[in-house]
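Structure first, commentary second.
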Amino acid sequence: MIACAATYHERYGEAKSDTPGRLAQIRQAYVMTKKVDTKIGLIIAGVGLLTFGVFLAIGFALDHPIYLGILGFVVAVLAVAIVFGRRAERAAFGQMEGQPGAVAAVLGNIRRGWSSNQTPVAVTRSQDAVYRAVGRAGIALIGEGNPNRVRPLLAAEKKKMSRVVGDIPVHDIVVGNGEGEIPLKKLQIHLMRLPRAISAAQVTETNDRLRALGDLLSKAPIPKGPMPKGTRMPKGGMR
């Protein structure tokens, strides 16, 4: 959001500082979080005061209250930012849970360890979708939607990939709150905790193979969507 605002100002020649934009973004995140996490204000205030109080007490004990008070204030601000960021993220995922595209938002929030495309590799008319990510743990196929429809999608995608990925590990993940499913808010942690199984070079090679597979399938002469009723294949179209 901040980047978009900066681009807007650059495009139209506005030289305003982006500080108000950041403050507005923080306020918006706080209001959104408070709707879900009603105790967020008390929690971050408690974290900040407790952290500052501990450093200040140590400062008085060591006869350096000013120095440790300043240090405590900086650490308290950092602690508040970390706690607020995590709870805001959890609240955002809670609001997105069950909505199409929620997995894409989580994958886009992973900053290291995984390479993913926020466009699903398979989708149904009911908006069930399968997303793919590649990392040191191998390939993760992540399905969102109705589990009864998602699992066949995962199996079909896994079978399609098996031709090009060889013995690279493939992890099937269904996002949801049922048995054997991973809740949306725990998806990122689940991916980061998967054990490493391949090298960085294999990650690059696997990404290249899957990209080539996608390009090949996109160029195949397959109709985009269902064929109208009464349409016949042209003679010689099937051999």
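Here the structure is a predicted model, which means the values were calculated and not measured.
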When clusters are formed by joining ILVMFWY residues with side-chain heavy atoms under 4.5 Å apart, either directly or through shared neighbours, do [X] and [Y] land in the same one?
X: Leu71; Y: Phe73; value: no
X: Val75; Y: Val83; value: no
X: Val123; Y: Ile142; value: no

Indicate yes or no: at least one non-hydrogen side-chain atom of [X] is less than 4.5 angstrom from one of [Y].
X: Leu107; Y: Trp114; answer: no
X: Val175; Y: Tyr131; answer: no
X: His171; Y: Leu191; answer: no
X: Asn177; Y: Pro183; answer: yes

inquiry  = Can you list everything that forms a side-chain contact (heavy atoms from CB on, under 4.5 Å) with Gln202? Sequence neighbours excluded, please.
reply    =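 Partners of Gln202 under the side-chain contact (heavy atoms from CB on, under 4.5 Å) test: Ile168, Ile198, Ser199.
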Rounded distance [0.5 Å steps], [atom1] in [X] versus [atom2] in [Y]:
X: Arg211; Y: Thr206; atom1: CZ; atom2: OG1; answer: 11.0 Å
X: Gln188; Y: Ile182; atom1: CD; atom2: CD1; answer: 13.5 Å
X: Ser116; Y: Asn207; atom1: OG; atom2: CG; answer: 9.5 Å
X: Ser115; Y: Arg136; atom1: OG; atom2: CZ; answer: 13.5 Å
X: Ile110; Y: Ile189; atom1: CD1; atom2: CD1; answer: 10.5 Å

inquiry  = Does Glu181, at its CD atom, have more than 12 non-hydrogen atoms belonging to other residues, nucleotides or ligands within less than 6.0 Å?
reply    =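 Counting other residues, nucleotides and ligands, CD of Glu181 exceeds 12 neighbours.
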Do you know the tightest heavy-atom contact between [X] and [Y]?
X: Pro169; Y: Ala137; answer: CB-O, 3.9 Å
X: Arg132; Y: Met161; answer: CD-SD, 3.6 Å
X: Phe84; Y: Ile26; answer: CZ-O, 4.2 Å

Let me have the donor-acceptor pairs involving side chains of residues 145-154, under 3.5 Å, with sequence neighbours excluded, atom names and distances please.
from	atom 1	to	atom 2	distance (Å)
Asn146	OD1	Asn148	N	2.8
Arg149	NE	Asp128	OD2	2.5
Arg149	NH2	Asp128	OD1	3.4
Arg149	NH2	Asp128	OD2	3.3

query = So, the side chain of His190 versus the backbone of Ile173: is there a donor-acceptor pair under 3.5 Å, distance only?
reply =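 No: the side chain of His190 does not pair with the backbone of Ile173.
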message = Using a 3.5 Å distance criterion without hydrogens, assess whether the side chain of Glu144 forms a donor-acceptor pair with backbone atoms of Gly101.
response =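 Yes, the answer is positive, given that a donor and an acceptor are paired below the 3.5 Å cut-off.
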key: Partners meeting salt bridge (Lys or Arg N to Asp or Glu O under 4.0 Å) with Lys158 (sequence neighbours left out)   =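 Residues passing salt bridge (Lys or Arg N to Asp or Glu O under 4.0 Å) with Lys158: Asp172.
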message = Using the side-chain hydrogen bond (donor to acceptor under 3.5 Å, both in side chains) criterion, which residues pair with Glu205? Sequence neighbours excluded.
response =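 Checked Glu205 against side-chain hydrogen bond (donor to acceptor under 3.5 Å, both in side chains); matches are Arg209.
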ask   = Could you go step by step and tell me if Leu210 and Val121 meet the side-chain contact (heavy atoms from CB on, under 4.5 Å) rule?
value = CA-CA 11 Å; Leu210 292 174; Val121 294; over 6 Å; no
Enumerate donor-acceptor pairs with a distance under 3.5 Å from any side-chain N or O in residues 41-68 to protein atoms, sequence neighbours excluded.
from	atom 1	to	atom 2	distance (Å)
Thr51	OG1	Val47	O	2.7

